[in-house]
Student: 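Please see the structure below; I have some questions.
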Amino acid sequence: MAENEKSTNFVQQAIDEDLKNGKYTEGIHTRFPPEPNGYLHIGHAKSICLNFGLALNNNGLCNLRFDDTNPTKEDVEYVDSIQEDIHWLGFDWQDRKFYASDYFEKLYDYAVELIKRGLAYVDDSTAEEIRQNRGTLTEAGKESPFRNRSVEENLDLFTRMKAGEFADGARVLRAKIDMASPNINMRDPVIYRIAHAHHHRTGDAWCIYPMYDFAHPLSDAIEGITHSVCTLEFEDHRPFYDWLLESLGFDVNTRPRQIEFARLDLTNTVTSKRKLLQLVKEGHVSGWDDPRMSTLSGLRRRGFTPAAIRNFCNEIGVAKANSLVDISMLEHCVREDLNETADRVMAVLNPLKVVLTNVPEGKVEYLVAENHPKHGGNRYIPFSREIYIERDDFMECAPKKFFRLKPDCEVRLKHAYIIKCEEVIKDAEGNVIELHCTIDPTSKSGGATANRKIKGTIHWVEANSAIKAEVRLYDYLLKTDENGNLPDDFIAALNPDSLVVVKNALIEPSVKFAAPGTRYQFLRLGYFVIDYDTTFDNLVFNRIVTLKDTWAKIKCKD
RNA sequence: AGGGGUAUCGCCAAGUUGGUAAGGCACCAGAUUCUGAAUCUGGCAUUCGUUGGUUCGAGUCCAGCUACCCCUGCCA
């Protein structure tokens, strides 16, 4: 499905239905509501694409709203990174960046209103007592002894909570609903707690903070959100969402409606903020933007494109069934995008020297090489008596299906000549250290007599002009079982080979002045991006993803 | 055990007045190829968790059963 094609998931269908029924005549309005307590990851990308996409498809708007109601866990570092990541992904909230903390005053007023309506009360119970009285999954809870205080007393106490008269945990404000409800979220949920904590935006102005369940529906309502899209685990909270807005008198035809979808889970990686944080804290990765991380900053550094991620989010769909998407789907989307956009270049990761004995010493020839098989553009690459090829492209005793270089056989050098392996040079231990080959001078690429059919074509690099580079070969961060599931101890499942650093790779000279962030296809190897660690004398590449490799499959079968 | 959800190919996922199973990924086969890439062609669910029922006809309706996920934070 094309990226801008209207997707018809069940959320869109709910919107269509609402519109048909005459609801939300002002238009559709969604929001993306991250808590600034960590970096955004691929799972958030699904939510971002969904929420902003829904707005786009319905001619509506999507807000960015930081859900910053818990000052002890949140930080400006995260609000900055979140904005950067959303923009990078290609979405814009225009002038609609909000914070739940923008509404603290209003939220407080709504709480007072709830008290006045007899629907909320201050509870002096300890956290432990509240827990004990909540009941269990099968038994009803017990009502708090403070449940039936007068409105006046509640108002007085809540005012004093706000004024800072009480210590953390001394009292809470609770909604007064039904301690016997089979839905635990309706057993008088706590809606305000005391926390003498410094908030990254409101500073020390408040010492009481609203709970998510209270702040979220009201923030939605305040912003005129029509469809509040969240993940499945909030399904049980919807009755409270509706109860709150109903209790406060919001019109059912215009008030926001919560719709839940299944979060993204991906094989071979972690998509949980907690685990991502653990990887960073324990030093298993270099940071939030380590190219092996599923964070958007990690994927960005790895070289993934925003378009590829958007396409991926589009293709996996949106539904309510918990699912585990195979990482190959993501890789497919990256390859699909990069195949179109990345220029081709030659690089040798594991060099084997080749001397072309019938090429005169000192002679350098410049050959024409296309930058992209479809989109044109050429460059010149040097060619001379000494070149390097990939070690894997030579086999002394090769199986019949191996159509690269082997003794007394021919192979084509991409953009250059057909060569024949005449002599294999070995060291004392018998390791191949050099090859002597001859070129067929009539076979020059593009020439009139170049059309001789040769089964194999390999990449190479000219010895004197090649640039040395560091290439970081990234692989899956995690090993998973056949079903893609992580074991309980995910640290034990870390792939020890998730990063292999090649220090002395050789790249053709054309990439010399390319800027960090530039993506290439290294012919026959994969897609690579210039890392930001690159300095004047140390070029660093990250492998984004390999090319599909049919030969690897054939090898495995043998 | 109470409540809330979900079950369609190895993985995602369409299927909406019941009419005889889209598409993508992966995989397989072939064509093509100066990237064993890309591209192209063909293959890939007589069957929709399961058992019954209604019906000329059911993935779609009804009843029962089973499996899995979420919920007992003053986290979001």
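Proteins get letters first, then strands, A, B, ... in listed order; numbering begins at 1 in each. Note that this is a predicted model, so its numbers are computed, not measured.
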Student: What interatomic distance, in whole Å, is found between C1' of B:C65 and the corresponding atom of B:C71?
Tutor: 24 Å

Student: In whole angstrom, give the distance that lies between atom CG of A:Leu232 and atom C1' of B:U6.
Tutor: 8 Å

Student: Can we call the ring centroids of A:Tyr78 and A:Tyr39 under 6.0 Å apart?
Tutor: yes

Student: Measure from the side chain of A:Ala321, starting at C-beta and using heavy atoms only, and say which of B:G2, B:A7, B:C74 lies closest.
Tutor: B:A7

Student: Quick one: is B:G73 close enough that its OP1 or OP2 comes under 4.0 Å of any side-chain N or O from A:Arg193?
Tutor: no

Student: For B:G4 versus B:G64, give the span between their P atoms, rounded off to a whole number of Å.
Tutor: 14 Å

Student: B:C48 pairs with which nucleotide, Watson-Crick or G-U wobble, both distances below 3.5 Å?
Tutor: none

Student: Measuring to OP1 and OP2 of B:G15, would you say a side-chain N or O of A:Gln13 lies under 4.0 angstrom away?
Tutor: yes

Student: Can you check the distance between B:A67 and B:U8, where both ends of the measurement are the C1' atom (answer in whole Å)?
Tutor: 16 Å

Student: 5'-most contact on RNA chain B: A:Glu370 or A:Asn322, nearest heavy atom basis?
Tutor: A:Glu370

Student: Verify whether the ring centers belonging to A:Tyr121 and A:Phe158 lie closer than 6.0 Å.
Tutor: no

Student: Whom does B:A13 pair with, Watson-Crick or G-U wobble, provided both distances fall under 3.5 Å?
Tutor: none

Student: Counting side-chain heavy atoms from C-beta on, which of B:C74, B:C25, B:U35 comes nearest to A:Ala127?
Tutor: B:C74

Student: Can you tell which of B:A76, B:G2, B:G24 lies closest to the side chain of A:His237?
Tutor: B:A76

Student: Looking at B:C27, which nucleotide sits across from it as a Watson-Crick or G-U wobble partner, both distances under 3.5 angstrom, or is there none?
Tutor: B:G43

Student: Does OP1 or OP2 of B:A76 have a side-chain N or O of A:Thr69 closer than 4.0 Å?
Tutor: yes

Student: May I have the distance from A:Glu336 (atom CD) to B:A37 (atom P), rounded to whole angstrom?
Tutor: 17 Å

Student: Between B:C61 and B:G18, how many Å separate the two P atoms, rounded to a whole number?
Tutor: 8 Å

Student: Of the candidate nucleotides B:C25, B:C12, B:A76, which contains the atom at the shortest distance from the side chain of A:Ser328?
Tutor: B:C25

Student: Counting heavy atoms from C-beta on, name the nucleotide in B:G15, B:U6, B:G4 closest to the side chain of A:Lys320.
Tutor: B:U6

Student: A:Phe522 and A:Phe541: aromatic ring centres closer than 6.0 Å?
Tutor: yes

Student: Could you tell me the separation between the NZ atom of A:Lys273 and the C1' atom of B:C75, rounded to a whole number of Å?
Tutor: 11 Å

Student: Can you check the distance between B:U16 and B:A7, where both ends of the measurement are the P atom (answer in whole Å)?
Tutor: 14 Å

Student: When both hydrogen-bonding distances must be under 3.5 Å and the geometry is Watson-Crick or G-U wobble, what is B:U55 paired with, if anything?
Tutor: none

Student: Check every atom of B:U35, B:C11, B:U72 against the side chain of A:Asp326 and return the nucleotide holding the closest atom.
Tutor: B:C11

Student: Taking only the P atom of each, what is the distance from B:C62 to B:U6 in whole angstrom?
Tutor: 14 Å

Student: Quick one: do the A:Glu128 and A:Gln132 side chains pair a donor with an acceptor below 3.5 Å?
Tutor: yes

Student: Please report, rounded to the nearest Å, how far the P atom of B:G4 is from the OH atom of A:Tyr241.
Tutor: 21 Å

Student: Does the plane of the ring in A:Tyr417 sit parallel, tilted or perpendicular to the ring in A:Phe383? Use 30° and 60° as the thresholds.
Tutor: tilted

Student: Do A:Arg404 and B:G36 have a side chain to base donor-acceptor pair shorter than 3.5 Å?
Tutor: yes

Student: Could you state the interatomic distance from CG (A:Asp188) to NZ (A:Lys142), rounded to the nearest 0.5 Å?
Tutor: 14.0 Å

Student: Heavy atoms under 4.0 Å, any strand shown: does A:Lys455 hit a base, just sugar-phosphate, or nothing?
Tutor: base

Student: Compare the minimum distances between each of B:A37, B:C74, B:C75 and the side chain of A:Lys548, then state the nucleotide with the smallest one.
Tutor: B:A37

Student: Watson-Crick or G-U wobble partner for B:U60, using a 3.5 Å limit on both distances?
Tutor: none

Student: Which nucleotide wins on minimum distance to the side chain of A:Phe402, given the candidates B:G36, B:A76, B:G2?
Tutor: B:G36

Student: Between B:U35 and A:Gln521, counting only base atoms on the nucleotide and side-chain atoms on the residue, is there a donor-acceptor pair under 3.5 Å?
Tutor: yes

Student: Is there aromatic stacking of A:Trp551 against B:G36, centre distance under 5.5 Å, plane angle under 30°?
Tutor: yes

Student: Nearest to the side chain of A:Lys553 - B:C27, B:G4, B:G24?
Tutor: B:C27

Student: Could you tell me how the ring of A:Tyr108 sits relative to the ring of A:Tyr192: parallel (under 30°), tilted (30 to 60°) or perpendicular (over 60°)?
Tutor: perpendicular

Student: Work out how far the C1' atom of B:A13 is from that of B:C70, and round it to whole angstrom.
Tutor: 22 Å

Student: Between atom CG in A:Asp549 and atom P in B:A26, what is the gap in whole Å?
Tutor: 14 Å

Student: Figure out the CD1/P separation between A:Ile259 and B:G5, and round it to whole Å.
Tutor: 14 Å

Student: What is the distance from CG of A:Asn339 to P of B:C40, rounded to the nearest Å?
Tutor: 11 Å

Student: Base of B:U72, side chain of A:Arg131 - is there a donor-acceptor contact under 3.5 Å?
Tutor: no

Student: Using atom P of each nucleotide, how far apart are B:U47 and B:A22 to the nearest Å?
Tutor: 14 Å

Student: Could you label the plane-to-plane angle of the A:Phe240 and A:Trp243 rings as parallel, tilted or perpendicular, counting under 30° as parallel and over 60° as perpendicular?
Tutor: parallel

Student: Side chain of A:Val325 only, heavy atoms from C-beta on: which candidate in B:A76, B:C12, B:U16 is closest?
Tutor: B:C12

Student: Phosphate oxygens OP1/OP2 of B:U35: is one of them under 4.0 Å from a side-chain N or O of A:His459?
Tutor: no

Student: Is the phosphate of B:U72 approached by A:Arg187 (side-chain N or O, under 4.0 Å from OP1 or OP2)?
Tutor: no

Student: In whole Å, I'd like the distance from the CG atom of A:Leu324 to the P atom of B:A13.
Tutor: 11 Å

Student: Could you tell me whether the phosphate oxygens of B:A13, OP1 or OP2, come under 4.0 Å of any side-chain nitrogen or oxygen in A:Ser323?
Tutor: yes

Student: Tell me every residue that passes salt bridge (Lys or Arg N to Asp or Glu O under 4.0 Å) with A:Arg201, counting only those two or more places apart in sequence or in another chain.
Tutor: A:Asp102

Student: Pairing check on B:G2: which nucleotide meets the Watson-Crick or G-U wobble criteria with it, both distances under 3.5 Å?
Tutor: B:C71

